[in-house]
Amino acid sequence: MNRMQTFLNGLMKENPIFVIMLGMCPTLGVSSNAINGIGMGLATTFVLVMSNLIVSLVAGYIPDKVRIPSYVVIIATFVTVVQLTMQAWLPSLYASLGLFIPLIVVNCIVLGRAEAFACKNGAVLSILDGLGMGFGFTFALTLLGSIRELLGTGKVFDLVIYPEQYGSLLFVLAPGAFIVLGYLIAIINRIKKT
Amino acid sequence: MQYLIIVISAILVNNIVLAQFLGICPFLGVSKNSSTAMGMAAAVAFVMTLSTIVTYLIQYYILDPLHVSYLQTISFILVIAALVQLVEIILKKVSPALYQALGVYLPLITTNCTILGVAILTITRQFNLIESVVFAIATAGGFGLALLIFANIREQMEFSNIPEGLKGTPIALITAGILAMAFMGFSGIV
């Protein structure tokens, strides 16, 4: 597989949310508006790229039996880096993402890519795979966040589209997350078929 | 009284799956029939209670005295991973049938965000040890309740006529949305 394909793979054909459906918890939890979606997406992208890089470099030296715990430690290290950085420079975003930042550790996408891709491929390909998957994840989160924000409050990225009182608060709350994602996946399934 | 509030809040008002979006992957993955759902819920309850006790002790007797609480994420996830291994070994020995049924999802409890989520939540909410244990058991109960209701609905749905595009995950998500709406009705209680 060439490099461009590897990058595009995560973005489209194997989009982590819409196609392989990994990492649902942060997707539903932080997508109440578009800004949170982008913030979470980029934080996850950073962790994905860095952990893919390190895993691809050290995979040959780790005994097979302890590989999962070792990958988890690598991932947790970068999550701690993101956590401390965000706390220092983006305290308001950190506050609204809350618990979901430390929970990047248990995001199935990150461990899934380390196990399925990075440990078998070289450094450059692994970085590209991490970037593709990360941007695919960011795209999905931002799309979901924008739709929920638009339906719920009439705004996208805090830009007023229609007055707030016509919005339905339900879409910002928990049930809206499930319902919007359900219909999005249904639409994408329909498009893929034709 | 305070324990009752913790229990009601964790099971009904702030249900871990339907209000806080933790543990969605097993919620969608093992909810196709109610007996596997029960097994998963039991495994989660066991691991969650144990891991909350252990992480509580680690936080207050190791990380805090040494002023290294920034290592929280790394140390918690390692403890949880070790515990899951332990449960896997025990289950393999005691109940091979259940071990077969849970299959791929048992190792995935490690990456089940409810476990790490509850461990971190008990620290941020500054519960004491007993409150933490009560909170962990109640949260696991809430997870089991949501999983069981959902599995039963999905079993019923096998017989209904669903539009082609909505089959599988989309209809499951929409069902979960309606279930979440129903649980929102509890929000005034506590």
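Residue numbers begin at 1 in each chain, while the letters A, B, ... track the order of the sequences.
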**OP:** Taking all heavy atoms of B:Gly144 and all of B:Ala41, pick out the closest pair and write down the distance.
**Re:** CA-CB, 3.7 Å
Original post:
Should B:Phe27 and B:Leu145 be regarded as members of a common hydrophobic cluster, given that ILVMFWY residues are connected when their side-chain heavy atoms come within less than 4.5 Å of each other, either directly or indirectly?
Top reply: yes
**OP:** Starting at CG of A:Leu125, measure out to OG of A:Ser56 and round the result to the nearest 0.5 Å.
**Re:** 9.0 Å
Original post:
Knowing that exactly one of A:Val47, A:Thr27, A:Leu48, A:Ile104 qualifies, which makes a side-chain contact (heavy atoms from CB on, under 4.5 Å) with A:Ile109?
Top reply: A:Leu48
**OP:** Can you check whether anything in residues 169-184 of chain B gets within less than 4.5 Å of chain A, heavy-atom wise, and list it by number?
**Re:** B:Thr169, B:Pro170, B:Leu173, B:Ile174, B:Ala176, B:Gly177, B:Ala180, B:Met181, B:Met184
Original post:
Where do A:Asn107 and A:Phe137 land on the side chain to side chain contact (heavy atoms under 4.5 Å, CB included) test, with the steps shown first?
Top reply: CA-CA 11 Å; A:Asn107 190 328; A:Phe137 183 68; 3.9 Å; yes
Original post:
With a 4.5 angstrom heavy-atom cut-off, which part of A:Ile188 approaches chain B: side chain, backbone, both or neither?
Top reply: neither
**OP:** To the nearest 0.5 Å, tell me how far B:Ile115 CD1 sits from A:Leu103 CG.
**Re:** 11.5 Å
Original post:
Just how far is it from atom SG of B:Cys113 to atom CE of A:Met24, taken to the nearest 0.5 Å?
Top reply: 12.0 Å
Original post:
What are the two closest heavy atoms between A:Ile62 and A:Ser70, and how far apart are they?
Top reply: CG2-OG, 3.5 Å
**OP:** Specify whether A:Phe139 and A:Phe18 have parallel, tilted or perpendicular ring planes, treating 30° as the upper limit for parallel and 60° as the lower limit for perpendicular.
**Re:** perpendicular
Subject >> Toward chain A, the part of B:Ile74 with a non-hydrogen atom under 4.5 Å >> reply: both
Original post:
Counting heavy atoms not belonging to A:Tyr183, are there more than 12 under 6.0 Å from its OH?
Top reply: no
**OP:** Counting only heavy atoms closer than 4.5 Å, note whether A:Thr77 contacts chain B via side chain, backbone, both or neither.
**Re:** both
Original post:
B:Leu116 and A:Pro102: which non-hydrogen atoms are nearest, and at how many Å?
Top reply: CD2-O, 4.1 Å
Subject >> Backbone N/O of A:Gly136 and side chain of A:Asn15: donor-acceptor pair under 3.5 Å >> reply: yes
**OP:** With a 4.5 angstrom heavy-atom cut-off, could you sort out which part of A:Ile75 is near chain B: side chain, backbone, both or neither?
**Re:** neither
**OP:** Give, for atom CG of B:Leu166 and atom CD1 of A:Ile187, the distance between the pair rounded to the nearest 0.5 Å.
**Re:** 9.5 Å
Original post:
Hey, what do you get for CG (A:Asn36) to OG (A:Ser31), rounding to the nearest 0.5 Å?
Top reply: 9.0 Å
Original post:
Is there any residue in residues 44-73 of chain B with a non-hydrogen atom under 4.5 Å from a non-hydrogen atom of chain A, and which ones are they?
Top reply: B:Tyr70, B:Thr73
Subject >> Check: B:Arg154 side chain, B:Leu28 main-chain N or O, donor-acceptor pair, under 3.5 Å >> reply: yes
Original post:
Closest heavy-atom contact between A:Phe157 and A:Glu149?
Top reply: N-OE1, 3.3 Å
Original post:
Got a second to check how far B:Leu4's CG is from B:Ile8's CD1, nearest 0.5 Å?
Top reply: 4.0 Å
**OP:** Identify the residues of residues 12-19 of chain B whose heavy atoms come closer than 4.5 Å to a heavy atom of chain A, ordered by number, or report 'none'.
**Re:** B:Val17, B:Leu18, B:Ala19
Subject >> Contacts of residues 174-182 of chain A with chain B (heavy atom under 4.5 Å) >> reply: A:Ala174, A:Pro175, A:Ala177, A:Phe178, A:Ile179, A:Leu181, A:Gly182
Subject >> Minimum-distance pair of heavy atoms, taken over all atoms of A:Thr85 and A:Val81 >> reply: OG1-O, 2.5 Å
